[in-house]
Protein chains: 2
Amino acid sequence: MLMHLNFNSGQPAYLQVVDQIKTAAASGSLQAGEILPGIRPLAEQLRINRNTVAKAYAELESQGIIETQPGKGCFLIKNHSPFTREVRRKILREEIDALLVKAHHLQVEKEELLNLVNERLAAFGKKTGSHGTPASNPA
Amino acid sequence: MLMHLNFNSGQPAYLQVVDQIKTAAASGSLQAGEILPGIRPLAEQLRINRNTVAKAYAELESQGIIETQPGKGCFLIKNHSPFTREVRRKILREEIDALLVKAHHLQVEKEELLNLVNERLAAFGKKTGSHGTPASNPA
DNA sequence: TTTACTGTCTTATGACAATATGACAGTTAA
DNA sequence: TTAACTGTCATATTGTCATAAGACAGTAAA
């Protein structure tokens with residue numbers, strides 16, 4: 001569970017923690033049932049306030065991604081989505097639409113977009129176990 | 001150029017304007033070279049302050065999507081991305097990675113995701129000319 | 001020039017976001 | 001019980017965001 005923060009990114013520290021944990025879970029480098037780093041140790045390592053980490057964990061818990069066992073710690077949950085299949089598909093459709101708008105404004109055509117999606121899917125499948133993005137992003 | 005705002009969405013008014021114009025451009029219902037609604041008329045129609053619309057237009061201009069001709073109005077630009085092809089691909093890869101993380105947490109598998117992407121691509125191709133999402137999103 | 005339309009800038013204000021400190025409560029093991 | 005660890009809550013501070021009002025500047029046509 002390597003993590004590091006970019007304080008110049010403009011993105012709040014607690015959201016960077018949220019994203020990195022979600023990405024680790026999605027790429028398989030963090031397994032269901034596994035315990036997360038303690039709030040205080042992680043805060044010390046990242047050199048941020050413990051409540052900033054606590055806020056990240058609270059956000060993950062509110063999203064149903066982790067659970068906390070009082071006095072013990074926080075753990076990654078297995079199948080956490082509380083939504084029905086159709087609701088989950090609807091949410092994802094909206095995300096996809098947003099992606100298509102971005103692709104259009106980046107002048108990336110349909111074929112190329114599909115290639116990129118397949119490329120990234122393959123990268124995810126590899127589970128590099130690294131921090132951040134699952135496989136490094138060719139510049 | 002139909003638009004309407006949802007004041008309960010939590011999303012700022014000016015960003016809703018930005019998104020709707022970008023979506024209109026991406027779906028073809030707003031054509032390159034076309035003039036946008038004036039700041040004051042649009043603000044009146046949406047019942048928001050003119051500066052809120054101005055902020056949306058400023059954001060679109062900073063993204064290189066529209067240009068303003070002083071005294072005349074704002075116009076949609078054709079090929080606006082100032083980035084090289086590889087930079088554009090890199091940006092999109094990061095967006096795609098974010099989508100894949102979301103899909104994972106929504107427990108939507110690879111095959112199903114690809115189906116959804118194709119479904120939305122087809123919907124975009126149809127250019128409904130409507131506001132908001134290009135083709136209505138089956139609930 | 002005048003009028004009426006474009007967008008722009010400056011400044012203000014209210015709300016909220018991000019972070020920080022201190023006191024607190026549950027769990028485990030010595 | 002005590003000590004050391006877990007996470008939590010209440011609260012305060014700081015800064016930024018979203019929105020708004022007024023004055024301003026460029027353009028076009030009468």
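Bear in mind the structure is a predicted one, so any value in this text is a computation, not a measurement. Proteins get letters first, then strands, A, B, ... in listed order; numbering begins at 1 in each.
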Rounded off to whole Å, could you give me the [atom1]-to-[atom2] distance for the [X] and [N] pair?
X       : N      : atom1 : atom2 : result
B:Arg50 : D:dA25 : CZ    : C1'   : 14 Å
A:Leu42 : C:dT19 : CG    : C1'   : 15 Å
A:Gln16 : C:dA17 : CD    : C1'   : 15 Å
A:Leu5  : C:dA18 : CG    : C1'   : 13 Å
B:Ile39 : D:dA20 : CD1   : P     : 14 Å
B:Phe75 : C:dT6  : CZ    : P     : 11 Å
B:Tyr14 : C:dG7  : OH    : P     : 19 Å
B:Leu15 : D:dT19 : CG    : P     : 8 Å

Output yes when at least one side-chain N/O atom of [X] is less than 4.0 Å from OP1 or OP2 of [N], else no.
X       : N      : answer
A:Thr68 : D:dT6  : no
B:Asn49 : D:dA21 : yes
A:Lys72 : C:dT28 : yes
B:Lys55 : D:dA18 : yes

Next item on the list: On DNA chain C, check which nucleotide each of A:Gln69 and A:Ile48 is closest to and give me the residue with the more 5' one.
Entry: A:Ile48
Can you tell which of [options] lies closest to the side chain of [X]?
X       : options              : answer
B:Glu61 : C:dT19, D:dG7, C:dT8 : C:dT8
A:Pro41 : C:dT8, D:dT8, D:dT6  : D:dT6
B:Tyr57 : C:dG7, D:dT8, C:dT19 : C:dG7

Check: What are the two closest heavy atoms between B:Asn8 and B:Asn6, and how far apart are they?
Finding: N-OD1, 2.9 Å
Note to self: If you define the side chain from C-beta out and look only at heavy atoms, does anything of B:Ile21 sit under 4.5 Å from B:Tyr57?
What the structure shows: yes
Check: Does a salt bridge link A:Arg50 with A:Glu44, judged by any charged N lying under 4.0 Å from a carboxylate O?
Finding: no
Item checked: Short N-O contact, A:Arg93 and A:Glu86, less than 4.0 angstrom -> yes
Margin query: Base, sugar-phosphate or nothing for A:Ala58? Non-hydrogen atoms, less than 4.0 Å.
Written below: nothing
Next item on the list: Could you please spell out the steps behind the side chain to side chain donor-acceptor pair (under 3.5 Å) verdict for A:Gln16 and A:Gln20?
Entry: CA-CA 6 Å; A:Gln16 292 186 44; A:Gln20 288 183 37; 4.5 Å; no
Next item on the list: Determine whether any donor atom in the side chain of A:Arg40 lies under 3.5 Å from an acceptor atom in the base of D:dG7, or the reverse, and answer yes or no.
Entry: yes
Item checked: N/O donor-acceptor pair, side chain A:Asn51 with base D:dT8, under 3.5 angstrom -> no
